[in-house]
Amino acid sequence: MMFWEKEKETMDRKSIEELQVELLREKIEYAYKNVPFYRKKFEEAGITKESIKSIEDIRKLPFTTKIDFRDNYPFGLLARPMKEIVRIHSSSGTTGKPTVVAYTRKDIETWSNLVARIAAAAGVNDEDIVQIAFGYGLFTGGFGLHYGLEKIGAAIIPASSGNTKRQVMIMQDYGATVLVCTPSYALYIGEVARKIGIDPKKDLKLRIGMFGAEPWSEQMRKKIEENLGIKAYDNYGLSEIIGPGVAGECEAQNGMHIAEDHFIAEIINPETGQPAKDGEYGELVITSLTKEALPVFRYRTRDITRITKEPCKCGRSFARMDKPIGRTDDMLIIRGVNIFPSQIEEVLFNIEGISPHYQIIVDRINNLDTITVMVEANANLFFDEMKKQKQLLDRINAELKTTLGIEVDVKLVEPNSIQRSEGKAKRVIDKRKF
Amino acid sequence: METSKYRITQISVFIENKKGRFYNTTRVLKEAGVNIRAMSLADTMDFGILRFVVDKPSEAFEALQEANFIVKTNPVIAVAISDKVGGLSDLLKLISDLDLNIEYMYTFVNNLDNKAVMLFKFEEIDEAIEKLLKAGAELLDEEYFERI
């Protein structure tokens, strides 16, 4: 087991909480002094650093949401003058004004350290050659992983995303041992490699994949591991908090350890805002404790997951979060039933031979919500006899119905007819919104 | 008994019910210089299964696969019957008497000495070949499809 900062990563629960309380109190005072938005918010809620005596007291603080970022676009939430800012990132802004985030020199240092931790936990070391196939640019994924892996001492190929054949060629020629990208892009890279006659297992030296930026299932992990002959690790982060590095999997691959010496993570019921019970699924809420440029308090991530504090066999004491099963904003409500695309993925991938490319089409026909799952056919799913073909479709339908509780229409489509993604995969097309 | 020469290679293709997909398959075969001897199309709402017997099965398979079609090969049996009233009925009676179960069948008319050719997919192909030969049915071998 590799540790980047063993002493911190194995702190006992009591010391973690004492540190969190101390940092939170400091940060409240800091934000009050430096950010008019928080000063007003804290005054309205009657919060001072004295309000925080134990970790549970964090619940007295109001939530921060994406709307707060938008209302203060672009720099209204910054706690430091531009002179001290050394980097600016932002979200894509596809659903409105982008959220802008900024970093001081110390923040970049903190961030790199956090990424180095999750990379070390996944087994990456200074001998590795890492191909980063995340888009570089305003998105935090590319630069975040880049600086952290550089800190570990790995040799980095900043390939960025796109031009997949070239990615494969570079991977082969330079002997990349670690791949960083979205899980869906990893699958696509494997597919392209085979198409141009390269067997990823034999012809490439890849041994580890660090994947993030979109929800993926345990079955998808298996597919990636089988297709590329690697161990695939999940990691988590979001730009509003810092970027990748907030949490990451260790070699136990059993939940992502949250860097609790930098963040406080809570799970709440997304409808009521009340804390969820231990181990229960709900919305992840994060408070940053060490950020200088942009402290955030109780940021509602919209990611649905659960947290456990049970000991992990790797020896790290930090709480672990599950792979998010979805986002509050991509939860589909179909005829009153809540469905996450990841639930559909899990059913599909449990069926032997199914293609990892699928798409969910939601529509409203005659005032009734309909859901169609398009699955790419392949030689494993194609039978020369209609009877067998129908049996397969009936089986997929029945399993989806058992899991989701509603009828779903499954359609087999031709190979390559579902669009491939070089970044986050577009799994759902909701025609009801158009 | 030598049954393998009576196993005729059939090519099956998955096609989505979209404009031009059927044409595309035939175009691929044309470009590969493959001649279609017999074919059938089984369809459902969303997709169909195209089945071909051709003169050059391996070329056809490779060309279709290269063009990104989902292709499979399966053995079928070709039985020649006389082209007269009751010919097919007699053959089907024989098959029924032999206790063979037909998965599907299609026909292929040819100017061969006033005979018609029936293509059958059986669950147990080798058993079917043996029984049919023993009962005196006229089975065509794979060479026949290359030749004609």
Side-chain angles (χ1 to χ4, degrees), chain A residues 164-165 187-188 190-197 348 351-361 363 365 370-397 400 407-420 429, chain B residues 7-25 27-28 38-54 57 60-62 64-77 101-106 119-125 128:
Chain A
T164 311
K165 276 187 194 164
L187 271 178
Y188 182 49
E191 202 171 274
V192 170
R194 269 184 289 273
K195 201 171 279 172
I196 57 176
L348 292 180
I351 293 167
E352 181 73 24
I354 228 152
S355 146
H357 302 288
Y358 69 94
Q359 198 157 47
I360 300 161
I361 318 267
D363 207 347
I365 296 166
T370 61
I371 177 161
T372 307
V373 181
M374 317 277 269
V375 178
E376 282 190 4
N378 60 43
N380 294 320
L381 301 178
F382 171 51
F383 299 99
D384 168 57
E385 287 157 46
M386 260 319 161
K387 188 175 67 187
K388 287 190 188 150
Q389 195 69 62
K390 193 167 173 304
Q391 277 168 356
L392 172 83
L393 283 170
D394 288 349
R395 188 182 148 210
I396 305 174
N397 270 317
L400 282 168
E407 290 278 356
V408 167
D409 189 18
V410 179
K411 275 202 168 89
L412 285 180
V413 296
E414 286 183 11
N416 299 307
S417 55
I418 292 169
Q419 206 193 339
R420 304 307 193 242
I429 296 174
Chain B
R7 296 167 76 114
I8 314 294
T9 306
Q10 173 192 261
I11 309 275
S12 315
V13 186
F14 172 93
I15 51 167
E16 239 182 277
N17 274 4
K18 280 196 301 201
K19 268 186 200 159
R21 292 309 282 162
F22 189 6
Y23 159 67
N24 278 342
T25 25
R27 186 179 48 93
V28 169
M39 58 158 295
S40 96
L41 172 63
D43 71 315
T44 64
M45 293 266 283
D46 307 317
F47 64 89
I49 302 173
L50 257 179
R51 305 185 181 111
F52 294 110
V53 174
V54 298
F61 182 83
E62 272 162 36
L64 287 164
Q65 209 171 36
E66 185 65 24
N68 278 322
F69 280 98
I70 304 175
V71 205
K72 274 203 163 164
T73 61
N74 273 301
V76 291
I77 302 177
N101 192 16
I102 302 170
E103 302 276 348
Y104 55 78
M105 60 173 282
Y106 50 108
L119 292 157
F120 290 98
K121 171 78 190 298
F122 289 105
E123 223 164 90
E124 296 295 335
I125 186 159

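Bear in mind that the values here come from a model prediction, so they are computed numbers and not experimental data. Per chain, numbering begins at 1; letters A, B, ... match sequence-line order.
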* **From B/Asp46 atom CG to A/Asp409 atom CG, the distance as rounded to the nearest 0.5 Å** => 6.5 Å
* Asked: When rounded to the nearest 0.5 angstrom, what distance separates CG in A/Leu412 from CD1 in B/Ile70?
  -> 8.0 Å
* Structure fact -> Heavy-atom closest pair (B/Arg51 atom, A/Met386 atom, distance to 0.1 Å) is NH2-N, 4.4 Å
* To do: Please name all residues satisfying ring pair (Phe, Tyr, Trp, His ring centres under 6.0 Å) with B/Phe61, sequence neighbours left out, ordered by chain then number.
  => none
* So do B/Phe47 and A/Gln389 actually touch side chain to side chain, heavy atoms under 4.5 Å? -> yes
* To do: Sort by residue number and list every member of residues 353-361 of chain A having a non-hydrogen atom under 4.5 Å from chain B.
  => none
* **For B/Ile49 against A/Asp384, the heavy-atom pair lying closest together** => CD1-O, 3.7 Å
* Asked: Tell me, side chain or backbone of A/Lys390 under 4.5 Å from chain B's heavy atoms, or both, or neither?
  -> neither
* Using a heavy-atom cutoff of under 4.5 Å, enumerate the residues of residues 12-19 of chain B that contact chain A, numbered in order, or state 'none'. => B/Ser12, B/Val13, B/Phe14, B/Ile15, B/Glu16
* Output the distance between atom CD (A/Glu385) and atom CG (B/Asn74), rounded to the nearest 0.5 Å. => 7.5 Å
* Which residue out of B/Gln10, B/Lys121, B/Arg21 racks up the most heavy-atom pairs below 4.5 Å with chain A? -> B/Arg21
* To do: Please list, chain by chain and in numerical order, all residues satisfying ring pair (Phe, Tyr, Trp, His ring centres under 6.0 Å) with A/Phe383, sequence neighbours excluded.
  => none
* Asked: Under 3.5 Å, is there a donor-acceptor pair between the side chain of B/Lys72 and the main chain of A/Phe382?
  -> yes
